[in-house]
Amino acid sequence: MQNLSDVLASSSTPEKLKAVLTVTTETCIAISDALKQGSLAGILGMAGNENVQGEEQKKLDVISNDMLKDALFACPAVRAIASEEEDYIVPANTDGEYFIAFDPLDGSSNIDINAMVGTIFSIYHQTGNSPAVEADFLIPGKEQVAAGYVLYGPSTMLVLTTGNGVNMFTYDPTKQIFTLTNENIQVPEETQEFAINMSNQRFWSDSIQSYINELIKGKDGSRDKDFNMRWVAAMVGDVHRILCRGGIFLYPWDNKDPAKPGKLRLMYEANPMAMLLEQAGGKAHTHTQRILDIQPEAIHQRVAVVLGAANEVDKCLSY
Ligand code: FBP
């Protein structure tokens with residue numbers, strides 16, 4: 001069976017990008033080990049701080065952020081990092097060639113209930129003669145050279161694209177390597193499964209209300225088929241389900257807070273997931289445009305997200 005380094009070696013992935021991917025995924029193995037320790041290591045619960053977005057940080061948010069930051073800084077190919085848990089971008093090596101944006105622990109409200117969480121990452125190639133600044137990092141998602149996530153579930157899985165399809169790897173603890181277990185993932189164009197946080201319903205636009213109402217009416221409505229609903233409450237888990245068996249995921253724009261056009265962050269949630277979905281034959285849009293075409297204006301920018309089965313995303317956007 002092939003492992004991650006075999007797959008990278010047989011692809012045209014540049015050596016320095018391989019180095020960045022190796023450091024990132026090896027650090028995720030260490031995060032996975034820390035998560036398995038849970039309460040035994042005294043690492044659950046709140047850290048007592050807020051991040052730049054006003055969200056309370058869990059101890060494991062901070063621990064996994066520090067682990068990734070330290071490891072990536074020690075990798076000469078890394079030019080700068082951006083993280084959900086860092087207020088600003090952090091320049092690393094001026095002559096490094098890669099930017100990495102990451103959410104060190106997506107779905108962290110799941111940590112305390114021992115449910116799925118994951119690390120999401122997005123990688124860009126960018127060089128310069130001086131330490132990187134935020135403006136260097138504001139590159140549209142279509143320029144990503146690699147994107148993926150490590151899912152910490154019953155098994156630890158790596159899902160990765162370097163722009164040539166999507167592969168899934170399962171961590172083998174006996175060998176301490178990621179083994180290729182699903183090659184060239186494809187998301188079916190049609191689906192009967194949707195994922196959305198229904199508790200926000202009253203804040204949605206009329207079009208999202210109408211679209212979801214028709215899914216709920218099922219065979220008794222215009223769609224003429226019944227839909228099922230699933231919600232992991234961690235985007236990484238919901239996207240993983242879609243890559244495994246199809247579906248549509250929505251975190252739409254709502255009017256809860258006019259300053260926030262959606263909840264999810266463009267640079268380290270929407271963009272990497274959009275690249276994975278498109279590479280797997282699916283689609284990823286906001287309510288107005290393809291996510292990968294968005295010109296970022298800030299590192300922690302938020303966007304509305306509709307992603308998954310191509311025909312179902314089109315159907316949703318037609319509302
Ligand atoms: P964190 O990165 O802070 O965990 O937030 C992101 C997220 O957990 C997504 O993964 C998920 O889809 C969403 O928030 C769920 O939030 P809510 O429960 O507020 O709908």
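Bear in mind that the values here come from a model prediction, so they are computed numbers and not experimental data. Counting starts at 1 for both ligands and their atoms, in listed order.
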For ligand 1, which atoms sit closer than 4.0 Å to a heavy atom of [X]?
| X | answer |
| --- | --- |
| Asn197 | 17 (P), 18 (O), 20 (O) |
| Asp103 | 2 (O) |
| Arg265 | 1 (P), 2 (O), 3 (O), 5 (O), 6 (C) |
| Ser108 | 4 (O) |
| Ala234 | 10 (O) |

Which option out of [options] puts a heavy atom nearest to [atom]?
| atom | options | answer |
| --- | --- | --- |
| atom 7 (C) of ligand 1 | Val232, Val117, Asp106, Ile120 | Asp106 |
| atom 6 (C) of ligand 1 | Met198, Met273, Glu269 | Glu269 |
| atom 9 (C) of ligand 1 | Met235, Glu85, Glu84 | Met235 |

Item to check | Under 3.5 Å: donor-acceptor pair, side chain of Asp106, backbone of Ile120 | outcome: no
Checklist outcome for this item: When Gln301, Glu84, His300 are each screened for side-chain hydrogen bond (donor to acceptor under 3.5 Å, both in side chains) with Arg265, the one that passes is Glu84
Next on the checklist: Does either side chain, that of Glu312 or that of Tyr211, offer a donor lying less than 3.5 Å from an acceptor on the other one?
Outcome noted: yes
Checklist entry - Do Asn200 and Tyr251 get their side chains close enough for a donor-acceptor pair, meaning under 3.5 Å? => result yes
Checklist entry - Going by the salt bridge (charged side-chain N to carboxylate O under 4.0 Å, His left out) test, which pairs reach into residues 144-156, not counting sequence neighbours? => result none
Next on the checklist: I'd like to know whether ligand 1 has Trp231 as a neighbour, heavy-atom separation below 4.0 Å.
Outcome noted: yes
Checklist entry - Is the Phe249 ring parallel, tilted or perpendicular to the Trp231 ring (thresholds 30°, 60°)? => result parallel
